[in-house]
Amino acid sequence: MAYQVRKVKYCYLMVPSRSGQAVKILHGLKQAGIDLLAFSGFPVKGGKSQIDLIADDMGGIARLAKQNKLRLSKTKRCFLVQG
């Protein structure tokens, strides 16, 4: 299988490091009909975890975050490698 590399946009949010936090975020995205290209979650210091959301529709993610009073980072760019 050939690799595909492309430049995409992403943002992240910080959540408490507790079981089920990522599921809440992912369920909300599914209910809003927002498709993710990729997702990553990992613990950081201070009892927090960072959730990275990579999607073509960053506007949809921003609207959903605003509705749920979640604080998103500024939109950033990265490379997505698939294959």
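Residue numbers count from 1 along this sequence.
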* Results of side chain to side chain donor-acceptor pair (under 3.5 Å) for Asp52 - residues two or more places apart only -> Gln50

* How far does SG of Cys11 sit from CG of Leu72, to the nearest 0.5 angstrom? -> 4.5 Å

* Do Leu13 and Ser73 have side-chain heavy atoms sitting under 4.5 Å apart? -> no

* List for me each residue that meets side-chain contact (heavy atoms from CB on, under 4.5 Å) alongside Leu80, sequence neighbours excluded, and say none if there are none. => Arg6, Val8, Leu37, Ala38, Gln82

* **With Leu70 via side-chain contact (heavy atoms from CB on, under 4.5 Å) - residues at least two apart** => Ile25, Ala65, Asn68

* Taking all non-hydrogen atoms of both residues into account, name the closest pair between Ala55 and Leu36 and its distance. => CB-CD2, 4.1 Å

* Taking side chain to side chain donor-acceptor pair (under 3.5 Å) as the test, write out the residues that go with Thr75, two or more places apart. => none

* Residue pairs, two or more places apart or on separate chains, that pass side chain to side chain donor-acceptor pair (under 3.5 Å) and touch residues 26-46 -> none

* Asked: Does any pair with a residue in residues 7-21 pass side chain to side chain donor-acceptor pair (under 3.5 Å), and if so which ones, sequence neighbours excluded?
  -> Ser17-Ser49

* Beyond-backbone contact of Lys24 with Leu29, side-chain heavy atoms, under 4.5 angstrom -> no

* Please list, chain by chain and in numerical order, all residues satisfying side-chain contact (heavy atoms from CB on, under 4.5 Å) with Lys48, sequence neighbours excluded. => Met14, Val44

* May I ask you to check whether over 12 heavy atoms, not counting those of Phe42, lie within 6.0 Å of atom CZ? => yes

* Asked: Which heavy atom of Ile34 sits nearest a heavy atom of Ile61, and at what distance?
  -> CD1-N, 3.7 Å

* Is there a chain of hydrophobic side chains (I, L, V, M, F, W, Y, each step under 4.5 Å between heavy atoms) that links Met58 to Ile54? -> no

